[in-house]
Amino acid sequence: MAGQEAAPPKKASRRFPVLTRDTARPEGGGRAIGGHRPAPYRQWPLLAVCLGVLAGLLVTLAEFRAGTLVIGLSLVGGALLRWGKPSVGMLAVRSRFTDMITYGVLGLVIVLLALMAQPDPWLSLPFLDTVVHFTVR
């Protein structure tokens, strides 16, 4: 070894690797609270949304419309948390924009469907009668 010179360091390639070994953490995927706290406290944004959905499912057993409103509003709350907090733990699945759109659109659709549920809908959209007339009837 003493007579051999060390080989020059290999220059890093700019090409993508053939085999991917890791994935990047989503933006905002860090802990919501420092590591000195137990896991449930660090993941409070995800737990808040999950508990809201669970509460909505339990309320649905007694009153369908109110329960589905709670579920939809929980998802909208998840979108607002994703927008407002820099780190939301495991609530961050994809990019911030994609998470906000996904949670927000699903939450709004569930809220609108809950408001239009029969009998005695709280919200009536006349153009939907025309769409249903031409597709179903």
Side-chain angles (χ1 to χ4, degrees):
M1 284 273 191
Q4 297 178 352
E5 292 183 23
K10 218 178 197 185
K11 187 176 180 182
S13 173
R14 292 182 56 174
R15 293 184 182 186
F16 288 110
V18 176
L19 179 64
T20 304
R21 299 182 195 277
D22 196 10
T23 57
R25 172 182 270 175
E27 174 191 354
R31 296 174 175 154
I33 296 179
H36 62 283
R37 303 287 257 174
Y41 292 113
R42 292 189 306 245
Q43 300 299 332
W44 71 265
L46 178 67
L47 288 175
V49 173
C50 288
L51 288 176
V53 170
L54 179 65
L57 289 172
L58 293 176
V59 171
T60 302
L61 295 174
E63 176 62 36
F64 174 76
R65 191 181 318 261
T68 52
L69 280 173
V70 171
I71 292 170
L73 292 175
S74 295
L75 288 174
V76 171
L80 292 175
L81 278 172
R82 189 69 175 101
W83 174 68
K85 295 267 313 150
S87 293
V88 289
M90 292 189 333
L91 189 62
V93 178
R94 297 156 295 267
S95 70
R96 185 180 306 268
F97 177 78
T98 305
D99 282 343
M100 286 180 358
I101 295 298
T102 303
Y103 296 142
V105 167
L106 287 176
L108 287 175
V109 166
I110 291 172
V111 166
L112 285 176
L113 288 174
L115 293 175
M116 295 186 312
Q118 297 290 335
D120 301 325
W122 293 353
L123 177 66
S124 177
L125 299 176
F127 72 89
L128 288 179
D129 290 334
T130 308
V131 171
V132 170
H133 176 74
F134 286 114
T135 58
V136 177
R137 296 178 186 163

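The figures that follow rest on heavy atoms only: side chains count, while hydrogens, waters and symmetry mates do not. Along the sequence shown, residues carry numbers from 1.
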* To the nearest 0.5 Å, how far apart are CD1 in Ile101 and CZ in Arg82? -> 12.0 Å
* Asked: So, the side chain of Arg65 versus the backbone of Ala114: is there a donor-acceptor pair under 3.5 Å, distance only?
  -> yes
Are [X] and [Y] grouped together when hydrophobic residues (ILVMFWY) are joined by side-chain heavy atoms under 4.5 angstrom apart?
X: Leu57; Y: Leu106; answer: yes
X: Phe97; Y: Val105; answer: yes
X: Met90; Y: Trp44; answer: yes
X: Leu61; Y: Leu73; answer: no
X: Leu51; Y: Val70; answer: no

Find out whether [X] and [Y] are in side-chain contact, i.e. whether some heavy atom of one side chain is under 4.5 Å from a heavy atom of the other.
X: Leu69; Y: Leu115; answer: yes
X: Tyr103; Y: Leu81; answer: no
X: Leu112; Y: Leu123; answer: yes
X: Val88; Y: Asp99; answer: no

* **Option passing side chain to side chain contact (heavy atoms under 4.5 Å, CB included) with Ile71 (candidates Thr60, Val111, Leu54, Val76)** => Thr60
Check [X] against [Y] and note the closest heavy-atom contact, atom names and distance.
X: Leu91; Y: Pro45; value: CD2-CB, 4.0 Å
X: Gly104; Y: Ala79; value: N-CB, 3.6 Å
X: Ser74; Y: Val53; value: OG-N, 3.6 Å

